[in-house]
Structure formats: structure tokens, C-alpha cells
There are 2 protein chains.
Amino acid sequence: MKKKRITLKDIAKELNVSISTVSRALKDHPDIDKTLTKRIKTLAQKWNYIPNPLAMGLLRQQTRVIGVIVPDLVTYFFSSIISGIEEELQQAGYYIVISSSKESMEKEIESVNNLLNLRIDGLIVCLAQNSKSTKHFEKVLEHDVPLVFFDRVCLEKKVSTVVVDNVSMAEDITTHFYKNGAQRIAHITGPKHLNIVQERTEGYLKGLNQVGLEYDPKYLIRTDLSPVNATKATQKLLNLPSPPDAILGVNDTVIFATMKEIKSRGLSIPEDIMLAGFSDEFHATVVEPNLTSVAHPTHEIGRNAAKLILEQIEEGRSIQKKIILNTELHIRESSQRAVS
Amino acid sequence: MKKKRITLKDIAKELNVSISTVSRALKDHPDIDKTLTKRIKTLAQKWNYIPNPLAMGLLRQQTRVIGVIVPDLVTYFFSSIISGIEEELQQAGYYIVISSSKESMEKEIESVNNLLNLRIDGLIVCLAQNSKSTKHFEKVLEHDVPLVFFDRVCLEKKVSTVVVDNVSMAEDITTHFYKNGAQRIAHITGPKHLNIVQERTEGYLKGLNQVGLEYDPKYLIRTDLSPVNATKATQKLLNLPSPPDAILGVNDTVIFATMKEIKSRGLSIPEDIMLAGFSDEFHATVVEPNLTSVAHPTHEIGRNAAKLILEQIEEGRSIQKKIILNTELHIRESSQRAVS
DNA sequence: ATTTTACCTGCAAAGCTTTGCACAAACCTT
DNA sequence: AAGGTTTGTGCAAAGCTTTGCAGGTAAAAT
């Protein structure tokens with residue numbers, strides 16, 4: 001009953017020719033008799049012959065599998081990027097194996113090793129929140145496995161990356177807040193070692209500077225990227241003698257927690273406090289008020305990361321490129337106040 | 001510079017023994033001299049030897065790769081299930097290759113073929129919305145590849161499935177609506193051939209019957225699962241001479257579209273119309289009012305599907321099991337009305 | 001001293017494909 | 001008719017691992 005996968009050998013035996021002849025015929029090798037070629041091809045078609053990818057992989061030392069490691073699978077930002085990666089790679093005949101680091105460096109290291117052992121042809125990664133070491137990625141490089149980072153990156157000198165211009169976007173939001181009447185603009189930020197965190201903080205400071213507001217350390221709160229700690233950070237801000245009248249979150253997840261906390265205190269958005277976040281999670285347009293956010297071109301991030309990997313595989317050498325994608329500031333209710 | 005992956009051959013050459021000796025030593029074969037075994041193991045450790053999975057796969061005729069096909073990657077429901085699958089399979093030393101059917105049967109067929117060609121060891125699937133044919137899955141069965149469906153299923157006689165009790169949940173919601181004062185309960189449903197759609201509709205009818213409301217075909221609108229058509233369906237309902245005072249959506253995606261449409265008409269929820277959905281998307285608690293919804297144990301669905309696959313692989317024969325997981329009805333603002 | 005046993009180790013095949021090289025037959029040239 | 005081409009086909013190795021079987025040596029038994 002079980003349908004055996006048919007091999008060159010099967011075809012060869014049936015037609016009383018050698019395996020090599022079959023192999024050549026199937027790729028239209030000129031040496032093989034045209035009539036024989038046709039017969040072989042017909043049978044191969046009929047029996048639905050597909051070369052065994054394991055054998056091919058062994059021969060060519062490649063698997064046509066690309067590894068993808070993301071901090072988590074369930075937020076829209078990442079799943080949508082994965083969707084973009086998948087689209088591009090599937091078209092090129094590659095498969096993707098996904099692994100979630102759950103924001104933990106340990107799991108990330110484990111995933112890298114697993115995937116390396118699987119002999120992936122390339123690796124696309126968004127760093128886990130607490131990934132401070134880069135050793136595991138240097139190992140990837142040593143093995144000459146093409147590597148691409150997106151969003152949260154490291155080893156920028158050696159590795160290709162796909163990012164967005166966090167600095168200018170954070171700056172834009174900050175000035176936007178000011179134009180809408182904010183005077184005490186706060187920023188809930190994340191772990192210092194992440195590039196996206198640094199850049200957004202830098203943009204925030206630039207923005208303050210541009211509109212002539214003085215930077216007040218009280219209004220810059222560092223936390224991790226979890227909702228729980230975002231809530232705590234918000235409480236700290238709201239408990240200040242003069243609480244902020246605008247808060248920029250390091251991402252939307254943080255801002256959703258902030259929003260809940262603000263609402264629970266009976267304060268109103270944007271009247272009392274304006275809000276804006278990063279990454280434009282799907283529910284930015286679902287919450288009330290709708291959230292102002294920087295929309296990342298998630299699908300494009302994924303596709304570009306995939307393209308970079310493909311390029312490196314084809315070129316055979318490791319090219320170092322940095323692709324900066326445009327984001328859009330989606331201004332919605334949470335940050336628009338009628339300025340008197 | 002490039003670090004070659006080291007093989008048994010390398011170790012054998014270095015130690016001047018044969019490949020087979022190395023292979024045996026590494027699995028503590030009693031035939032091999034203990035001292036030699038130790039030396040071999042030490043070197044293997046030092047050189048970080050990992051068996052080539054391609055060679056192993058070729059030998060054992062298995063890849064340790066499980067395919068997963070979902071209608072889309074970006075909704076919380078699916079990404080969260082994938083997360084559960086990943087957790088369980090990774091632990092068992094399997095890799096997952098994910099493919100999105102984008103709700104299209106054509107893409108689904110393509111994915112099945114691709115994965116089959118990759119020689120996956122098992123396949124986990126949630127049917128695409130318009131998957132009416134089951135031929136491609138029968139092909140999977142013919143090849144003796146373990147197969148598991150979750151949520152949207154078919155071929156139930158032959159294939160293991162992981163589902164939830166849609167009938168009773170739809171019934172519960174319907175009676176819940178009634179208890180909260182609803183008299184004209186509508187249901188926006190989906191494509192007829194999907195089991196989840198049939199079951200939820202059945203539950204809806206049962207519910208009506210139970211509370212003594214008569215079924216009115218005007219209040220049962222069939223559409224696909226897209227937000228666009230959900231909006232249209234809602235419009236139809238609201239334009240009725242006597243519009244419904246409660247709407248049960250076939251899932252949350254549909255209900256979000258419904259909610260927007262209702263709000264845009266200045267009607268209020270739950271006062272004018274009560275709402276409830278299925279699957280408890282993450283933003284059910286983010287929208288205002290919070291949405292009443294049937295919470296699927298997504299993570300558990302994923303883990304159970306993975307376990308079923310693992311079981312079939314280990315048993316070597318195809319077992320047919322049906323796992324029904326418990327759901328919880330999360331009653332929130334959108335369906336609670338003070339009954340006078 | 002010779003046979004038996006025990007103890008190690010290696011050969012080779014299988015799993016599947018590609019490809020350089022050799023070989024054979026048929027054709028053409030002179 | 002003999003040597004040279006052309007044309008078509010197969011052998012075998014490589015890529016890496018596992019494992020049945022054979023073979024070798026040294027120690028034990030007779």
C-alpha cells in the first residue's frame with residue numbers, strides 16, 4: 001500500500017539502462033540518445049519522479065533550508081515579517097525553519113546551534129531582548145553560513161542588516177508631540193544594548209533639542225519590553241509631581257500597557273496625556289483612541305532580509321549591506337490635541 | 001578561514017583508525033577498545049563533531065522535519081498555535097517548516113507537494129478557507145506520511161484531529177445573548193464546507209431552539225471569512241426593517257469588522273447590539289467595548305497536534321484519534337446588558 | 001604446540017544523486 | 001582496409017553515516 005518514493009534506480013531498472021543514463025537524460029544531456037531520453041522522461045513523468053533532496057543536499061552540501069530566529073512568533077510585527085520572508089524564499093525554492101528565542105539569549109544560542117547542525121544554508125535573525133553576547137553569531141560566520149539581521153541587529157561591520165530609521169522617526173514624533181502642545185514629553189525605553197532602543201532614545205533627545213525643550217532624566221524611564229514592566233514604568237511617570245503630558249513608547253506593546261494604566265486612573269488620552277508607539281501593531285487601529293505609531297513596512301522588511309540572504313548564497317561570498325527602509329508615521333487620535 | 005564541518009572521516013584519519021571504528025566508539029559499542037573509545041570521544045568533543053543530518057536522513061529515510069500549513073501566519077490564533085507546535089516538536093528534536101496557504105486551496109496544494117518533496121516526516125494542517133477537495137491530503141496518506149488536522153478538518157475517518165467543541169460553545173453564546181435580553185439574534189457565518197462553520201451554525205440553531213426563539217433565515221448570513229465581506233454582511237443585517245439586537249460572528253476577525261460598522265452608524269454596543277465572536281484574538285481585550293469571545297486554548301491545540309504527530313511517527317502506523325479541547329467563554333462588555 | 005576463543009578492527013554495502021573518465025560501437029576518412 | 005572520429009552508455013567515486021560480516025591477533029585451552 002505504501003507508495004515508495006521512486007528513485008533513479010527504479011527508472012533505470014525498468015528501462016534496462018544505467019542510473020547515470022537516466023540522470024543525464026532527465027537533464028537533457030546531449031550525449032544521450034534522443035529517443036531514449038524521451039522514453040526516460042516519459043516514465044519519470046508518469047511515475048512522478050522527484051530527486052531526493054537529501055541525496056542532493058549531501059552531494060551539494062546544501063539543504064535549501066533557511067533558518068529564522070525571532071524573539072516571538074505571536075506578535076503581529078514578527079509574524080508579518082516572517083510572512084514576507086516566506087513569500088520571497090518559497091519563490092526561490094527555499095524552505096524556512098522557524099525558531100523562537102522567546103526573548104532569551106539562552107534559547108537563541110540553542111536555536112543557532114540546532115540550525116547550524118541542521119546545516120542550514122542561511123540564517124535570518126532578530127535579536128532577543130537580552131542578547132548581549134555575539135559569540136554564537138560569530139560561530140555562524142566562521143562556518144561561512146550567510147547571516148542577516150533585521151530590526152534588532154549587531155555585528156554591523158560584518159553582517160548585512162535590514163533596519164528602519166529609528167532616530168528620525170523618534171525625533172519626528174517628539175516634535176509632533178510638541179506641536180500638539182506637549183511640554184513634558186516622556187520616553188519609556190528599553191534595554192540599553194539594543195540598537196533600536198539606543199536609536200529611538202537618540203531621536204527622542206534630538207527632538208527635544210530641536211523644539212527647545214530641556215531633557216529631564218525623570219522623564220526617561222528604562223525598562224525591558226514586557227507589558228508588566230511597562231505598566232510599572234508608567235506608574236512611576238504618573239506618580240511624578242508633574243507627570244508628563246506625552247509619552248513615547250519604545251514600541252506598541254509597551255504603549256498598550258501604558259494606555260491601560262492611564263485609563264485606569266481616569267485620565268484621558270490625548271487630553272491629559274498624548275501617546276505614541278513604534279511598530280504599528282495591528283491593534284493600533286483597534287484601541288480607543290487609535291494609537292499614533294510608526295508603521296514599519298513589516299512585509300518589506302521580511303522580503304528584503306530574504307533577498308539579502310539569497311544574494312549572499314548566490315554570490316558565494318559574504319556581502320555586507322545595510323538596507324534602511326522607510327517607515328511612516330501614522331498620526332491618529334492618541335496624539336492629536338486641539339492647540340488653543 | 002572557512003570552518004569545514006568535520007566528519008567521521010576526519011576523526012578516523014587523525015587517529016589512524018577506520019571510519020566504522022569511530023562510528024562505533026561514539027555510540028559506546030562494546031566491541032571497541034575502551035581506551036580507544038575514550039580517545040575518539042575526546043577528539044570528537046574537541047572538534048565538535050555532529051553527525052551530518054543529510055547523511056542520516058538518507059540512511060534512515062527521514063528528515064526530522066515536520067511541515068505545518070496554516071491559512072495565514074499573521075493572526076494571533078495561528079501564530080500562537082504554531083508557537084505551541086514549535087515548543088513540543090523542538091523538544092523532541094524535530095524541526096518545523098512553515099507554509100502559509102493564504103486561505104487558498106491552490107497554494108495549499110502547492111505547499112503539500114513542496115513539503116512532500118522535501119520528504120517531511122509529518123504534516124500538520126489547518127485547512128484553507130476554500131479547500132473543498134481533499135485529494136492532496138489523500139496523497140499524503142498514500143505516502144504514509146503522518147498527518148494531523150487542527151481546527152478546520154477533513155477526512156475525519158482517516159486522520160487524527162484536534163478540535164474544540166464548537167457546537168456547544170455557539171449554543172452557549174446564543175443562550176447567553178438571550179439571557180441578556182436579546183430577541184433577534186443574528187449569526188454571520190462562513191463557507192458551508194468548513195466543519196467549524198457548520199458546527200457553529202448548528203450550535204447557534206440549537207441555542208435558538210433551546211430558548212424558544214424561532215429561527216429566521218434573514219438573521220443567518222453566509223459570507224467568507226474576510227473583513228470586507230463581514231462588513232457587507234453587517235450592513236445587510238443593519239439595513240433590515242428590524243435589525244438584530246445581537247450578532248454572533250463565526251470568528252473574531254469577522255466581529256471586528258462588524259464592530260467598526262456598527263460604531264460608524266452611531267449605534268452602541270452592547271446597548272443597541274450585543275456582539276460575540278470566536279477564537280479570542282489577542283485584541284478582544286483591547287477593543288472597546290471588550291469583546292465576548294470563545295477562547296481557544298491555542299497553545300494547547302498546537303501542542304496536542306504536535307504530540308499526535310510524534311505518536312504516529314513513533315508507532316509507525318497511522319492512528320486515528322480525535323482530541324476535543326475545552327474552550328472557555330470569556331464574557332466581556334460587548335454582550336452584557338442590564339436586563340430590566 | 002596446536003586449536004579454540006575472545007577481542008578488536010575494517011571492508012563494503014546501502015541510502016540517492018551527479019559527473020569525470022573509460023570503453024565500445026559505428027561511422028567516416030584516406 | 002586501417003586508423004581516426006563521433007556518438008552513446010556505463011563504471012565508479014564522492015558526499016556521510018550505519019552495520020552485518022569477515023578477518024586478524026593474541027590469549028587461553030587442550
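First the proteins, then the strands, lettered A, B, ... as listed; each starts at 1.
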dT17(D) OP1/OP2 closer than 4.0 Å to side-chain N/O of Tyr49(B): yes
Nucleotide nearest Asn52(A) (side chain, heavy atoms from C-beta), chosen from dT9(C), dT17(C), dG15(D): dT17(C)
Check: Ala92(A) main-chain N/O paired with Arg64(A) side-chain donor or acceptor under 3.5 Å: yes
Integer-rounded Å distance: dT19(C) P and Leu8(A) CG: 12 Å
Ile19(B) CD1 to dG10(C) C1', straight-line distance once rounded to whole Å: 10 Å
Glu315(A) atom CD, neighbour heavy-atom count above 12 within 6.0 Å: yes
Atom-to-atom span, CG of Asn117(B) to P of dC16(C) - whole angstrom: 15 Å
Proximal nucleotide (of dG15(D), dT17(D), dG15(C)) relative to the Lys9(B) side chain: dG15(D)
Electrostatic pair Lys102(A)-Glu87(B), nearest N-O below 4.0 angstrom: yes
d(CG, Leu54(A); P, dT18(D)) in whole Å: 15 Å
N or O in side chain of Arg60(B) less than 4.0 angstrom from dC16(C) OP1/OP2: no
Length of the line joining Gln62(A):CD and dT17(C):P, which is rounded to integer Å: 15 Å
Presence of Gln61(B) side-chain N/O under 4.0 Å of dA14(C) phosphate oxygens OP1/OP2: no
Nearest-neighbour nucleotide for the Leu59(A) side chain, dT17(D), dA14(D), dG10(D) considered: dA14(D)
Test item: side-chain donor near acceptor, Gln320(B) and Ser160(B), under 3.5 Å: no
Contact nearer the 5' end of DNA chain C, comparing Ile50(A) with Ser20(B): Ser20(B)
Contact list for DNA chain D against residues 23-41 of chain B - heavy-atom distance below 4.0 Å: Ser23(B), Arg24(B), Lys27(B)
Proximal nucleotide (of dT9(D), dT18(D), dT18(C)) relative to the Met56(B) side chain: dT18(D)
Minimum-distance nucleotide to Thr7(A) side chain [options: dT19(C), dC16(C), dC16(D)]: dC16(C)
Reference residue Ser111(B); test side-chain hydrogen bond (donor to acceptor under 3.5 Å, both in side chains); the match among Ser100(B), Ser99(B), Ser104(B): Ser99(B)
Given dT9(C), dG15(C), dT9(D), the nucleotide with the shortest approach to the side chain of Leu58(B): dG15(C)
Ion pair check, Glu14(A) and Lys9(A), cut-off under 4.0 Å: no
Exceeds 12 heavy-atom contacts within 6.0 angstrom, atom NZ of Lys135(A): no
Closest to side chain of Ser18(B), choosing from dT18(C), dG10(C), dT18(D): dG10(C)
Donor-acceptor pair (no angle test) under 3.5 Å: Thr21(B) side chain, dC8(C) base: no
